Amino acid sequence: MDISALNAFSGSTATWSASNLPTPRVERNEAGSQRSKADGPLSNAEPSKETDERTESSEKTAGPTRPDGTPLAPEEIQQLEQLKQTDREVRQHEMAHQTAGGPYTGGASYDYEVGPDGKRYAVAGEVPIDYGPVPGDPQATVEKMQTVIGAAMAPADPSPKDLQVAAQAWQYLLEAKLEAAQKQSEMNQARGEHDSEPANDEPPEQAA
């Protein structure tokens, strides 16, 4: 409801003073009892100051307003609530990336939309993340990609871009594991060849 259609008490209600109150008449009935009658109502009391202040307070806190101070229409209030919810969800989403990504993520950036109240609300956002392999160190790459995958999938509702980053990081992780296995195999093979070299078992020459 448009709050501008409501009117505060004007204070024009008639007041009664001691000089113009009607004098009660006392009548006796057959049982000898008495009752009082007034020629007019006594309930038209002046609105209290507390009531006026409460009314003014309710008008001030009735709802959100436009930048010029006028109240928002119902459809504008609904739009504003949707923007506020989107803003919360977007910020929570990007915060989840940052928290899980640790040193591999940067600061969040947002796209904003101005609401009917004149304030800006985030409607989209992104967090940069380094998901490239570590050159020459497959084991470090494996550990890094595990962190990247966790960061990409940290939000409750990963976006298509998040899923794409996670898939690429997973591919790098598998390649790094394969490279690490190959290096370990080569090291084991070289160690085996060294161990299989024939030992010089000939006895030392006898001194003359």
Side-chain angles (χ1 to χ4, degrees), residues 63-67 72 75-208:
T65 61
R66 301 185 182 91
L72 297 180
E75 60 272 14
E76 291 176 315
I77 294 177
Q78 182 178 2
Q79 177 191 1
L80 181 60
E81 291 303 319
Q82 291 175 346
L83 283 173
K84 288 181 178 180
Q85 180 178 352
T86 299
D87 182 273
R88 287 191 297 267
E89 292 174 352
V90 167
R91 294 181 186 278
Q92 290 173 357
H93 185 107
E94 304 309 332
M95 180 60 68
H97 285 317
Q98 287 181 301
T99 302
Y104 304 119
T105 56
S109 59
Y110 299 99
D111 294 332
Y112 295 95
E113 181 176 328
V114 178
D117 59 348
K119 299 179 181 179
R120 298 197 309 165
Y121 297 92
V123 294
E126 62 179 7
V127 169
I129 185 166
D130 173 16
Y131 59 97
V134 179
D137 194 338
Q139 185 57 40
T141 297
V142 169
E143 295 174 0
K144 178 180 178 180
M145 292 306 113
Q146 289 173 339
T147 300
V148 169
I149 293 171
M153 303 301 293
D157 54 342
S159 67
K161 180 63 175 178
D162 298 338
L163 298 176
Q164 181 181 347
V165 170
Q168 182 61 66
W170 180 254
Q171 183 64 34
Y172 287 148
L173 184 146
L174 295 178
E175 293 174 356
K177 282 188 173 181
L178 179 59
E179 182 182 353
Q182 290 176 342
K183 284 190 174 183
Q184 186 64 40
S185 177
E186 292 173 357
M187 290 176 61
N188 292 340
Q189 184 178 359
R191 186 180 301 112
E193 291 177 353
H194 176 74
D195 293 342
S196 63
E197 291 180 357
N200 187 5
D201 295 331
E202 295 181 0
E205 296 181 357
Q206 298 293 328

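All values below were derived from every heavy atom in this structure, side-chain atoms included, with hydrogens, water molecules and symmetry-related copies excluded. Keep in mind that what you see is a predicted model, and the values were worked out from it rather than measured.
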Asn188 side chain to Ser185 side chain, donor-acceptor N/O pair below 3.5 angstrom: no
State, to 0.1 Å, how close [X] and [Y] come at their nearest heavy-atom pair, and which atoms those are.
X      : Y      : answer
Val165 : Ala152 : CG1-CB, 4.3 Å
Gly101 : Thr147 : O-CG2, 3.8 Å
Ala176 : Pro138 : O-CB, 3.3 Å
Val90  : Ala124 : CG1-C, 3.7 Å
Val123 : Tyr112 : CG2-C, 4.3 Å
Ala122 : Tyr110 : CB-CD2, 3.9 Å

Where the side chain of [X] meets the backbone of [Y], is there a donor-acceptor pair that is under 3.5 Å apart?
X      : Y      : value
Asp87  : Leu83  : no
Lys144 : Gly132 : yes
Asp111 : Glu113 : no
Thr105 : Ile129 : no
Glu126 : Ala108 : no

Could you grab the distance from atom [atom1] of [X] to atom [atom2] of [Y], nearest 0.5 Å is fine?
X      : Y      : atom1 : atom2 : value
Glu175 : Met145 : CD    : CE    : 10.5 Å
Gln168 : Ile149 : CD    : CD1   : 10.5 Å
Thr65  : Leu72  : OG1   : CG    : 6.5 Å
Gln85  : Tyr121 : CD    : OH    : 13.5 Å
Gln82  : Gln78  : CD    : CD    : 5.0 Å
Gln164 : Lys161 : CD    : NZ    : 4.5 Å

For Arg66, is there an ion pair with Glu76 - N to carboxylate O distance below 4.0 angstrom? yes
Between Asp162 and His97, does the side-chain contact (heavy atoms from CB on, under 4.5 Å) criterion hold? Intermediate values first, please. CA-CA 9 Å; Asp162 298 338; His97 285 317; 3.2 Å; yes
